[in-house]
Amino acid sequence: MNHPSNENIPSRSFSYHAFNFTFLLLLAVFFISLYTVALLKSNSRITLSAAVERNISCSDAVHRAISSRLTRADFEQINTKSDMNSAQYRSLQSYLNELRSLNSTRYLYTAKRGPGGKPIYLIDGLDLEAPDFAYPGTYLEEEMAPYLEAALSGKTIHSQKIIDTTWGHIFTACYPVIASDGTNDILGALCIEIDMEDTYRSIEAINRSSFGIAAAASMIALLLIVISYFYTKKQKSRELTQQQLLEQTAKAAEAANKAKSTFLFNMSHDIRTPMNAILGYAELARNHLQEPEKIGEYMDKIHISGEKMLSIINNILQFSQIENNQIHIEETSIQTEKSFDSCIVMVQTALEEKQQHFHVTKDISYPYIYIDTTYMSEIVLNILSNAIKYTAKGGTISCALRQEPGETDGWCITEIAITDTGIGISEEFQSHIFESFSRERSSTVSGIEGTGLGMGIVKNLVDLMHGTIEVKSKLGEGSTFTVRIPCRISSREETEPTAFDETAAQTLSGCRILLAEDNDLNAEISIELLTREGLLVERANDGVACLEMLQKAPEDYYDLILMDIQMPIMDGYKATRAIRRFSDKKKAGIPIVAMTANAFTEDKERALESGMNDHVAKPIDMKVLMSVLEEQICGHKGL
Ligand code: ADP
């Protein structure tokens with residue numbers, strides 16, 4: 001499973017915060033822009049209505065000044081350009097012109113409905129020589145017609161917005177001219193236009209800037225939408241990835257759980273089988289106490305079953321060590337052929353039992369190499385014992401050792417290929433063979449016992465040794481496993497002779513061991529096995545008894561203490577610490593070896609930390625124990 005690494009967290013949180021900051025900033029700018037646009041709009045409205053108010057007061061004042069002078073004759077007798085010569089026209093025209101130039105009024109004129117009902121100019125207040133001067137009878141521009149129509153229907157009208165005309169931007173006010181002779185006839189209209197160019201420009205300027213701001217706000221809004229879209233998309237894809245990761249984890253956990261259940265199910269069956277044999281044969285032996293031959297046969301079977309159980313337990317132990325990264329490769333210089341032969345020897349009995357043909361070929365180019373011989377043997381033994389296990393009686397097994405130069409100077413590749421003519425492995429299973437707990441057929445189906453851990457352990461060990469393992473197989477025809485390990489080339493001088501040999505028993509003969517062991521059965525077995533090797537053994541039932549016996553004994557009486565760990569009253573660790581604190585320095589320095597069923601690496605480490613010299617796992621492998629005893633006792637005595 002891929003967890004996000006811690007290194008990624010600060011950078012991701014940084015970009016996340018940066019993103020949030022940018023988003024909020026843009027949002028703030030967007031709202032400020034909107035607010036500014038609203039302010040400008042209201043400002044432009046205020047400017048316009050103030051200008052309109054001002055113009056209304058102005059035009060009303062002009063209307064008041066002029067209205068008393070307008071008579072029925074001014075509207076009825078002036079109709080065409082020829083009427084401009086009349087004194088009546090001239091006097092009114094010059095009055096209107098005067099009034100126009102007195103204030104900001106741009107234009108003053110009188111009008112009425114002409115022939116055909118369309119409004120026409122009567123008296124124009126512009127200078128007579130002005131290019132846009134309108135003669136009496138000229139039709140009014142269309143944009144002004146609605147105002148005039150309103151006035152002619154008796155209503156006073158003021159434009160509330162800026163009117164865009166050919167003369168520019170203006171305000172207009174049109175007043176009806178009512179006959180003062182009591183008839184109340186609407187004679188025509190008086191219209192006043194006021195220049196609104198400045199107001200128009202300032203409103204335009206406001207509009208332009210609010211347009212710019214509105215455009216910017218829209219851009220920001222668009223940007224915000226795009227950012228939100230991509231952020232949501234990214235968030236969704238992140239959520240999706242997380243969900244997929246969770247699903248994968250759940251699936252993996254489910255698969256692991258299933259594998260564990262299958263393993264426990266198979267395990268209980270596979271442990272029960274040899275257990276059943278041990279108990280069954282022990283029972284049979286009890287019934288035939290007087291028949292030594294039968295007892296011998298049953299004992300052999302009990303031994304075989306015991307070994308099977310031990311191999312299962314060892315596999316589980318090693319698997320857990322691999323799982324906890326507790327396996328460390330220790331390379332020592334070894335003799336290639338000798339180390340290879342010692343593996344072959346170990347499977348000899350099994351081969352003979354199944355009457356299988358065995359071919360060995362050796363092509364040794366580098367007689368001395370650096371390798372972790374314990375784990376290399378374990379790899380070869382696991383593959384070899386599977387070859388024997390999954391090949392029928394009378395089948396053939398070949399084991400080929402070959403070496404070739406490595407990629408780097410001073411290195412070589414040691415290759416071991418093991419071929420059998422057994423049941424073979426299906427192509428589908430070949431891709432799962434190195435997974436822990438995986439078996440092609442359960443013990444119930446195949447009748448062959450196993451944990452499904454061996455190949456997983458082999459693969460892990462090969463990986464730790466930076467090597468490769470390859471399997472080629474065909475169902476019903478057999479399999480070939482090829483292991484290739486890169487090794488540093490060594491020499492005879494760098495290689496130590498093998499530590500333990502048969503002479504160890506002679507060296508140790510007569511040595512006295514103090515055995516601290518609370519379990520009677522274990523004590524009996526240990527005493528029997530050690531005595532058979534010529535050692536003298538005295539037993540203490542717990543840590544305290546062990547201390548007392550050592551204290552009371554004469555100097556150099558005991559050569560070594562074999563210390564169990566879990567004991568009542570005082571355990572092995574405490575007893576060892578107490579011994580190391582003895583004032584008698586000789587007794588305090590006695591070699592102490594832990595002999596315990598606590599076989600994990602951390603148990604060994606704890607034993608050494610408490611002051612013990614070495615650690616041997618139960619059940620006792622006499623070869624291992626004798627080698628340790630020889631090393632400790634001889635080392636202590638300086639032999
Ligand atoms: P097991 O304890 O079941 O033998 P391993 O991990 O050693 O477990 O092997 C896993 C599985 O691989 C075995 O159960 C078997 O199905 C298959 N296998 C391994 N070696 C061989 C072989 N030489 N021939 C046929 N099948 C094999």
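Counting starts at 1 for both ligands and their atoms, following the listed order. Because the structure is predicted, anything quoted here is derived from the model rather than measured.
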I'd like to check which ligand 1 atoms, numbered from 1 as shown, lie under 4.0 Å from a non-hydrogen atom of K389.
1 (P), 2 (O), 4 (O)
Evaluate the criterion side-chain hydrogen bond (donor to acceptor under 3.5 Å, both in side chains) for residue pair E609 and Y573; output intermediate values, then yes/no.
CA-CA 9 Å; E609 268 167 27; Y573 299 130; over 6 Å; no
Quick check: does any side chain N or O of R539 sit under 3.5 Å from a backbone N or O of D518, one acting as donor and the other as acceptor?
yes
Working for side-chain contact (heavy atoms from CB on, under 4.5 Å), residues M595 and S526
CA-CA 10 Å; M595 193 164 71; S526 305; 3.6 Å; yes
For atom 19 (C) of ligand 1, which candidate among V471, T391, N386, T421 holds the nearest heavy atom?
N386
M455 N/O to ligand 1 N/O under 3.5 Å:
yes
Can you confirm if the NZ or CZ of R488 lies within 45° of the ring axis of Y370 and under 6.0 Å from the centre of its six-membered ring?
yes
Side chain, backbone, both or neither: which part of I457 comes within less than 4.0 Å of ligand 1 when only heavy atoms are counted?
neither
Contacting atoms of ligand 1, where contact means under 4.0 angstrom from a heavy atom of F429:
11 (C), 12 (O), 16 (O), 17 (C)
Minimum heavy-atom separation for I565 and D571, please, with both atom names.
O-CB, 3.1 Å
Find all atoms of ligand 1 within a distance of less than 4.0 Å from any non-hydrogen atom belonging to S479, and give their numbers and elements.
24 (N)
Can you confirm whether K574 is buried at NZ, in the sense that more than 12 heavy atoms of other residues, nucleotides or ligands lie under 6.0 Å from that atom?
no
Distance-only N or O hit between ligand 1 and F481, under 3.5 Å:
no
What do you reckon, does G422 put a non-hydrogen atom under 4.0 Å from ligand 1?
no
Which atom pairs, one a donor and one an acceptor, fall under 3.5 Å between side chains of residues 464-474 and the rest of the protein, sequence neighbours left out?
residue, atom, partner, partner atom, Å
S473, OG, I425, N, 2.7
S473, OG, G478, O, 3.0
S473, OG, S479, OG, 2.9

Could a heavy atom of F434 be found less than 4.0 Å from some atom of ligand 1?
no
